[in-house]
Protein chains: 2
Amino acid sequence: MTSYYSEYKKAFVSVDCIVFGFEERKLKVLIGKRKLDPGRDEWSLYGGFVGENESLDDAASRVLLNLTGIKKPYMKQVGAFGEINRDPGERVISVAYCSLINVKDYDSNLLKQYGVEWVNIDELPQLYSDHNKMVKHAITMLRQRIDDEPLCFNLLPELFTLTQLQRVYEAILGKEIDKRNFRKRVKAIEIIEQTALIDKQSSKRGAALYRLNKKAFANEN
Amino acid sequence: MTSYYSEYKKAFVSVDCIVFGFEERKLKVLIGKRKLDPGRDEWSLYGGFVGENESLDDAASRVLLNLTGIKKPYMKQVGAFGEINRDPGERVISVAYCSLINVKDYDSNLLKQYGVEWVNIDELPQLYSDHNKMVKHAITMLRQRIDDEPLCFNLLPELFTLTQLQRVYEAILGKEIDKRNFRKRVKAIEIIEQTALIDKQSSKRGAALYRLNKKAFANEN
DNA sequence: CCAAAAGTGTTCCGTCTACACCCATGG
DNA sequence: CCATGGGTGTAGACGGAACACTTTTGG
């Protein structure tokens, strides 16, 4: 094996995943207690090292598939974190990825299996290493993107009511939105379509169920 | 030395810098011919490996200081690039950084010393590895940020005319802007202040020179 | 005297915001 | 019958876009 760069030091490279979910009007993140040293028992994001034969994106996909059982979740790179002593063990460069999933699709057995839980973003404990910083970046990114890109659907089931969709926006933006203005806007975007179905869970009257219009969505992206 | 993660493979980690400049109404990037194998003589961004005792940001700062002679240029991380075979030599994870500098400040001796040159962003040749992708990301980032953050000043001398500032916006956005609307906007932001000085280079009549109001700027950031 | 760039306001239109009431129904 | 959430329209404010002419002066 040739070694073009042998005069330089290598480093461990990992990915850490900020998995967002939505429940009870709140934006949540999956975190768990670390099972390894260093940092055993500290709260932490879920991550993994990047293998020899996988790209960064592949590594993140693998980690997310393990953790959530979802094949192709919505996923974006947040950035690379590389302070010298960010990991108390050794020099590790970590690339953070953020992902949005629908909590209802999430097999809650996995919660136990991986020892992770959903925690409200405004009630996060102190996390291992620089993971709080990663979450903060990810939330900033979400807020910036929400206007440009229809990403809220990833946090909802296939069928959803307009009120649910509004709650997601409110949770991400951290403020209340006017109902009529909200509905006007989302209907103008024409990326969702009403179904004939009615949801009777949330109210006595029942609310129309909508779904993402995938053709319109594909045109947008 | 303890080795917590010894079962995993390490990788080389590098930084690559997209250095933007502005001249003759055009946004430009510093690129040069690679002097090393693999990829010797291909056009390439300027970069370097991340040392044992420096963070990613530090490595980028070091590389930029070398290349430009500027201590603390405006600098932002673009993202991490980690395809398996992105580097023909070995597995290298690279973190791209973008930077904005004022071409007039740039010591043009360094151009020769490092064998780099300013190339219009719309006339880029094919670059080494995934460097074209990095530049594309960086430009997208610039365009998104330009409205939120006053970053154009970094591409101009300390004193500049409103027309020059407008040219920078036009170069970044890739379209012409209405002069009156532009002036109205920038004056409303109140982050620049007029000086008593007049620039006679660009026109016979002369144009008022402005400068960044650093107090206002600090409040914004 | 004229070419070339600097400088300056107003109108229009579309978008965002604020705001309040009736509807349907399960319990 | 009433509490609960679903559903709807309008008016005013605001911000962005279009648009043309006068000024100055070096050559």
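Residue numbering restarts at 1 for every chain, and letters A, B, ... go by the order of the sequence lines.
- Note that the two end axes of the helix from dC1(C)-dG27(D) to dG27(C)-dC1(D) enclose an angle of 0°, each drawn from 5 base pairs, rounded to 10 degrees.
- At a threshold of 4.0 Å, the pair E193(A)-R211(A) counts as salt-bridged, since one of the basic side-chain nitrogens sits closer than that to a carboxylate oxygen.
- Between the side chains of Y128(A) and D87(A), at least one donor-acceptor pair of N or O atoms lies under 3.5 Å.
- Atom CG of L209(A) is separated from atom C1' of dG6(D) by 12 Å (rounded to the nearest Å).
- In this structure, CZ of F182(A) is placed 12 Å from P of dG7(D), rounded to the nearest angstrom.
- Considering S44(A), S129(A), S94(A) as possible partners of D16(A), the one that fulfils the side chain to side chain donor-acceptor pair (under 3.5 Å) test is S94(A).
- For the pair F20(A) and S99(A), the minimum side-chain heavy-atom distance is 4.5 Å or more.
- A donor atom on one side chain and an acceptor atom on the other are not found under 3.5 Å apart for Y169(A) and E176(A).
- Comment: D41(B) does not engage K35(B) in a salt bridge, judged by the lack of any side-chain N to carboxylate O separation of less than 4.0 angstrom.
- Regarding Q194(B), its CD atom lies at a distance of 7 Å from the P atom of dG7(C), rounded to whole Å.
- For the pair S203(A) and S203(B), nearest-nucleotide mapping onto DNA chain C gives the more 5' position to S203(B).
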Open item on the list: Pair R62(B), E54(B) - check salt bridge (Lys or Arg N to Asp or Glu O under 4.0 Å), show working.
Closed with: CA-CA 9 Å; R62(B) 170 177 54 81; E54(B) 60 182 2; 2.5 Å; yes

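- The CD atom of Q201(A) sits 14 Å away from the C1' atom of dG26(C) (whole-angstrom rounding).
- Mapped onto DNA chain D by nearest heavy atom, D178(B) and A208(A) fall at different nucleotides, with A208(A) at the one closer to the 5' end.
- Atom C1' of nucleotide dC19(D) and atom CD of E176(B) are separated by 15 Å, given to the nearest angstrom.
- The interatomic distance linking K187(B) (NZ) with dA6(C) (C1') rounds to 10 Å, in whole Å.
- With rounding to whole Å, D147(B) atom CG is found 15 Å from dG15(D) atom P.
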- [ ] May I have the step-by-step check of side-chain hydrogen bond (donor to acceptor under 3.5 Å, both in side chains) for Y97(A) and D57(A), ending in yes or no?
- [x] CA-CA 9 Å; Y97(A) 279 82; D57(A) 288 0; 2.5 Å; yes

Give every pair of a protein N or O atom and an N or O atom of nucleotides 10-16 of chain C that lie under 3.5 Å apart, one pair per line with the distance.
{"from": "dT10(C)", "atom 1": "O4", "to": "K184(B)", "atom 2": "NZ", "distance (Å)": "3.0"}

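- Side-chain N/O atoms of R180(B) and base N/O atoms of dA17(D) include no donor-acceptor pair closer than 3.5 Å.
- Across the protein-nucleic acid pair, D199(A) atom CG and dT25(C) atom P stand 14 Å apart, rounded to whole Å.
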Within the sub-3.5 Å range, which N or O atoms of nucleotides 21-25 of chain D have a protein N or O partner, and how far apart are they?
{"from": "dT23(D)", "atom 1": "O2", "to": "R205(B)", "atom 2": "NH1", "distance (Å)": "2.4"}

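- By the 30° and 60° cut-offs, the orientation of the rings of F160(B) relative to F153(B) is tilted.
- A side-chain N or O of E149(B) and one of Y74(B) form a donor-acceptor pair less than 3.5 Å apart.
- Side chains of S61(B) and D58(B): no donor on one and acceptor on the other come within 3.5 Å.
- Nucleic acid contact class of T163(A) (heavy atoms, under 4.0 Å, all strands): sugar-phosphate only.
- Under the 3.5 Å distance criterion, the side-chain polar atoms of R167(A) are left unmatched by any main-chain donor or acceptor of E24(A).
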